[in-house]
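All heavy atoms count here, side chains included; hydrogens, waters and symmetry mates do not. This structure is a prediction, so every number in the text was calculated from the model and none was measured.
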Amino acid sequence: MEENGDGRDAESYGVLLYYNYISIPDATSLARFYDTHCRSLNLFGRIRVGLEGVNATIGGKLSALEEHITVMNSNSLFDGTDFKLAPCGHPSNEKIARECGFTSLSVRVVKELVTFMSDPLLKSPVISNAGRHLSASEFHYVLHQAAECANDGNALQCEARMQNEDLVLLDARNVYETRIGKFKLLNINTLDPEIRQYSDLASWIDKHSERLRNKNVLMYCTGGIRCEMASAYIRSKGAGFGNVFQLFGGIQRYMEQFPDGGFFKGKNFVFDHRISVGSQDKDVLGTCLICGSPFDDYSSRCRCFYCRMLVLVCYNCQGTYSGRYICELCQKHNNVEKPVPLVQNSQLHQELSQESFDVTETEAETSHHINAKPCREHSTRSVSDCRSKLRILCLHGFRQNASSFKGRTSSLAKKLKNIVEFIFIDAPHELPFIYQPTEPCSQQISPVLLEKCKKRFAWLISPNSTSSDENSWRIAEQQFDPFQYKMQTEGFELSYSYLQDVVLKNGPFDGILGFSQGAAMAALFLEQQQRSGQVSDLRFAILCSGFSTVSSKSVGGFIKFPSLHIFGDGRGRDRQINCEVSRDLADLFDKNSSVTIQHDMGHIIPTRSPYIDQMKAFLLSFL
């Protein structure tokens with residue numbers, strides 16, 4: 001079999017990491033190129049494109065990844081980009097690969113390559129103000145000189161001219177990463193912020209800024225990108241915060257330069273199917289949460305019962321311990337001295353299967369209207385459990401609104417409260433108020449428009465629809481027509497643009513749920529995303545009592561997106577949407593990744609067994 005010049009098997013697999021903060025003139029066009037190009041090479045992983053640059057973590061055959069690098073290098077936009085390519089085995093654990101996004105390709109246009117500020121109203125620092133880059137050799141040299149100073153006890157004779165008390169080594173990673181590997185030097189001031197997620201780092205810097213003032217700050221992270229924004233934020237604090245340096249290429253480049261690990265001890269946590277990468281040094285830094293024995297393997301994906309952060313539990317304790325896993329941060333902040341026992345192991349197994357992505361998020365706020373200020377009214381998430389759930393964007397039906405749909409799904413939200421957070425929004429098309437007169441031919445006075453009468457909206461409208469008059473009601477043109485949805489064919493462009501803005505400004509969302517016309521709009525949105533290459537972070541769709549406004553021929557193939565379809569079984573209890581119409585919608589989706597639940601009820605989302613159990617099983621596959 002053909003080999004590359006360095007002796008590697010050209011058809012073996014690899015992982016490629018790179019980022020570049022550059023001005024992108026047309027992020028959407030570049031994202032489309034990425035989607036087409038990477039699919040042609042059968043690459044998978046995550047690519048984020050924004051006006052400020054690109055961040056990519058992709059995998060595939062080494063030959064394909066090297067071809068990708070060649071193509072990107074031919075574009076002057078990527079001059080100076082550090083492409084970090086590492087050979088590895090093909091993803092063997094489907095669950096881990098899926099959790100890390102390494103079973104498919106996700107290309108997304110974003111506002112920020114990495115989310116640094118947890119508060120969306122706060123402005124991120126200017127990336128051009130980032131700290132000075134130090135190569136792996138330079139970074140090692142500074143640490144070596146500092147270590148020598150510590151040993152000699154005479155800091156003034158060191159070439160680095162840094163006294164130990166003037167040097168601070170700052171780890172910009174999450175606590176579950178630092179558990180298994182970090183730079184360790186005796187007598188060197190090393191700071192581990194112990195954060196759950198990167199967006200917590202800014203507030204940690206604010207609280208501990210005096211520990212950084214007038215210091216020479218050396219920062220490091222996995223591949224370098226997190227240090228860019230964080231170092232710029234430290235330097236933005238003004239006088240006394242100017243001496244900030246960062247490890248260029250991150251721990252990955254350092255370990256390539258120093259295969260024995262150098263000053264880095266343990267393993268480097270990575271956000272792909274490899275989980276972690278070690279050096280020739282086999283020392284184990286991590287310890288089991290339960291028994292305290294040396295352990296550093298995250299492949300079992302054990303998580304904290306409360307915050308869902310990864311925890312280390314050794315193989316023996318996984319088989320014998322019958323309590324809830326509670327991470328050190330939850331124990332510290334909640335004053336829990338030890339894990340709380342459970343009644344049954346089966347319950348523990350079920351709880352641990354409710355996994356989420358490694359980089360969790362802070363509480364997000366949902367806009368009632370796209371131009372309105374963020375409002376918490378329509379979110380079912382509480383502060384205490386905001387990190388442990390799937391975020392699902394909910395699209396109401398025709399002539400409904402976010403508030404009414406939230407009320408109609410309250411029972412569903414209650415039964416899924418441990419794994420799901422629903423975010424409700426109004427559709428962009430406002431509808432007039434209508435009423436049926438008691439006597440068809442009478443000159444009946446229209447009802448008074450009360451303040452409590454909430455506006456009604458739609459995703460799709462009929463061609464003859466006009467804007468609403470907020471000061472009056474209108475007589476319904478006819479009695480209820482069960483086929484009125486067939487006339488609602490206009491307004492998609494506005495609704496599509498509106499949803500794009502919602503996903504961009506209030507995302508990321510794990511899934512999208514649509515009811516009736518909302519289900520039709522969700523399908524149209526996903527189909528248009530697939531057609532245009534504007535791939536979002538959405539991972540699944542739940543379409544309830546939906547209908548299709550497009551034919552399979554116009555779709556141009558199946559909508560390749562994991563989907564759950566819920567509709568009546570044809571016993572005539574759904575007066576509005578016939579089951580065959582909902583089945584036609586389901587047929588537009590790829591059968592290999594779609595699930596159908598048929599119930600014996602009406603135009604509703606069922607919440608009793610066995611239907612709710614089937615819904616939970618579908619959702620848990622994404623945790």
Side-chain angles (χ1 to χ4, degrees), residues 99 114-119 169-184 190-209 211 219-222 226 230 266-271 275-276 284-314 317-318 321 323-342 348 351-352 354-364 381-389 391 418-419 421 623:
E99 179 183 333
V114 288
T115 303
F116 181 67
M117 309 295 288
S118 59
D119 187 344
L169 188 58
L170 176 60
D171 196 325
R173 300 174 302 153
N174 305 318
V175 67
Y176 55 85
E177 301 172 72
T178 64
R179 285 193 198 114
I180 64 172
K182 62 181 68 177
F183 282 95
K184 293 191 70 175
T190 303
L191 301 180
D192 181 354
E194 295 187 338
I195 54 176
R196 287 189 176 90
Q197 55 200 0
Y198 180 61
S199 56
D200 291 337
L201 184 56
S203 60
W204 183 91
I205 292 172
D206 291 339
K207 293 177 182 178
H208 299 86
S209 60
R211 301 176 69 179
M219 300 186 66
Y220 68 92
C221 60
T222 306
R226 284 181 279 185
K267 293 180 178 179
N268 181 26
F269 184 100
V270 293
F271 293 92
I275 305 175
S276 62
V284 176
L285 260 65
T287 58
C288 173
L289 176 70
I290 307 302
C291 68
S293 62
F295 188 74
D296 61 5
D297 185 3
Y298 278 118
S299 61
S300 299
R301 314 311 277 176
C302 297
R303 292 184 180 273
C304 174
F305 176 79
Y306 294 107
C307 70
R308 311 308 297 161
M309 183 171 66
L310 285 170
V311 294
L312 291 168
V313 181
C314 70
C317 288
Q318 289 179 40
Y321 182 71
R324 293 173 176 173
Y325 303 152
I326 304 177
C327 73
E328 62 269 41
L329 296 187
C330 285
Q331 292 186 44
K332 177 180 178 181
H333 298 305
N334 296 319
N335 296 318
V336 179
E337 295 183 358
K338 60 182 180 179
V340 181
L342 289 178
L348 173 65
E351 288 161 350
L352 290 177
Q354 298 176 5
E355 297 181 346
S356 60
F357 283 116
D358 287 330
V359 183
T360 54
E361 300 178 45
T362 56
E363 181 173 12
R381 175 186 286 182
S382 66
V383 174
S384 62
D385 63 5
C386 64
R387 302 176 188 275
S388 62
K389 303 177 183 180
R391 301 188 73 230
N418 291 328
I419 58 175
E421 175 211 0
L623 283 170

Asks: What distance do Trp204 atom CH2 and Leu170 atom CG have between them, rounded to the nearest 0.5 Å?
Replies: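 Separation between the atoms: 5.0 Å.
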Asks: Could you state the interatomic distance from SG (Cys221) to OH (Tyr198), rounded to the nearest 0.5 Å?
Replies: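 One gets 7.5 Å once the value is rounded to the nearest 0.5 Å.
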Asks: Go through the structure and list residues passing side-chain contact (heavy atoms from CB on, under 4.5 Å) with Thr287, not counting sequence neighbours.
Replies: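 Listed in chain order: nothing, the list is empty.
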Asks: Do the non-hydrogen side-chain atoms of Arg196 and Asn174 ever get within less than 4.5 Å of each other?
Replies: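 A side-chain contact under 4.5 Å is absent here.
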Asks: Are Leu169 and Leu191 close enough that some pair of their side-chain heavy atoms sits under 4.5 Å apart?
Replies: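 Sidechains of Leu191 and Leu169: no contact.
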Asks: Please name all residues satisfying side chain to side chain donor-acceptor pair (under 3.5 Å) with Asp192, sequence neighbours left out, ordered by chain then number.
Replies: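 Side chain to side chain donor-acceptor pair (under 3.5 Å) check on Asp192 returns Thr178.
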Asks: Identify, with sequence neighbours excluded, every residue that meets side-chain contact (heavy atoms from CB on, under 4.5 Å) alongside Val284.
Replies: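 side-chain contact (heavy atoms from CB on, under 4.5 Å) list for Val284, sorted by chain: Pro294, Asp296.
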Asks: So, taking the atom named CZ in Arg308 and the one named CZ in Arg301, what distance separates them when rounded to the nearest 0.5 Å?
Replies: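 It is 12.0 Å, given to the nearest 0.5 Å.
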Asks: On the 0 to 90° scale, with breaks at 30° and 60°, tag the Phe271-Phe269 ring pair as parallel, tilted or perpendicular.
Replies: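 The rings of Phe271 and Phe269 stand perpendicular, inter-plane angle above 60°.
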Asks: Is there a side-chain contact between Ser300 and Val313, using heavy atoms and a 4.5 Å cut-off?
Replies: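 SC-SC contact between Ser300 and Val313 ruled out.
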Asks: Considering residues at least two apart in sequence or located in another chain, which fulfil the ring-ring contact (aromatic ring centres under 6.0 Å, His included) criterion with Tyr220?
Replies: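 Tyr220 satisfies ring-ring contact (aromatic ring centres under 6.0 Å, His included) with Phe183 once adjacent residues are dropped.
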Asks: Distance from Cys327 atom SG to Tyr176 atom OH, nearest 0.5 Å?
Replies: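 Here the interatomic distance stands at 12.0 Å.
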Asks: Can you sort out the partners of Ser209 under side chain to side chain donor-acceptor pair (under 3.5 Å), two or more places apart, ordered by chain and number?
Replies: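 Applying side chain to side chain donor-acceptor pair (under 3.5 Å) to Ser209 gives none.
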Asks: Any side-chain heavy-atom pair from Arg303 and Met309 closer than 4.5 angstrom?
Replies: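 Side-chain contact under 4.5 Å: no.
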Asks: Leu201 and Pro193: which non-hydrogen atoms are nearest, and at how many Å?
Replies: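 Taking every non-hydrogen atom into account, CD1-CG, 3.8 Å.
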Asks: At their closest point, which heavy atom of Arg173 faces which heavy atom of Lys182, and how far apart are they?
Replies: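 Scanning both residues, the minimum pair turns out to be NH2-CA, 3.9 Å.
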Asks: Give the minimum heavy-atom separation between Leu329 and Val175, together with the two atoms involved.
Replies: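 It is CD1-CG1, 3.8 Å.
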Asks: Please give me the minimum heavy-atom distance between Met219 and Ala230, naming the atom from each residue.
Replies: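 In terms of heavy atoms, the two residues are closest at CE-CB, 3.5 Å.
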Asks: As an exercise, state the distance from CG of Asp200 to CD of Glu194, rounded to the nearest 0.5 Å.
Replies: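 Here the rounded value is 12.5 Å.
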Asks: Could I get the full list of side chain to side chain donor-acceptor pair (under 3.5 Å) partners for Asn268, not counting sequence neighbours?
Replies: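 Residues passing side chain to side chain donor-acceptor pair (under 3.5 Å) with Asn268: none at all.
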Asks: Who pairs with Arg179 by side chain to side chain donor-acceptor pair (under 3.5 Å), at least two apart in sequence or on another chain?
Replies: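 Tyr298, Glu328.
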Asks: Does Tyr325 reach the side chain of Cys304, with side-chain heavy atoms less than 4.5 Å apart?
Replies: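 No, every pair of side-chain atoms sits at 4.5 Å or beyond.
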Asks: So how far is it from Ile180 CD1 to Ser276 OG, rounded to the nearest 0.5 Å?
Replies: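 Those atoms lie 4.5 Å apart.
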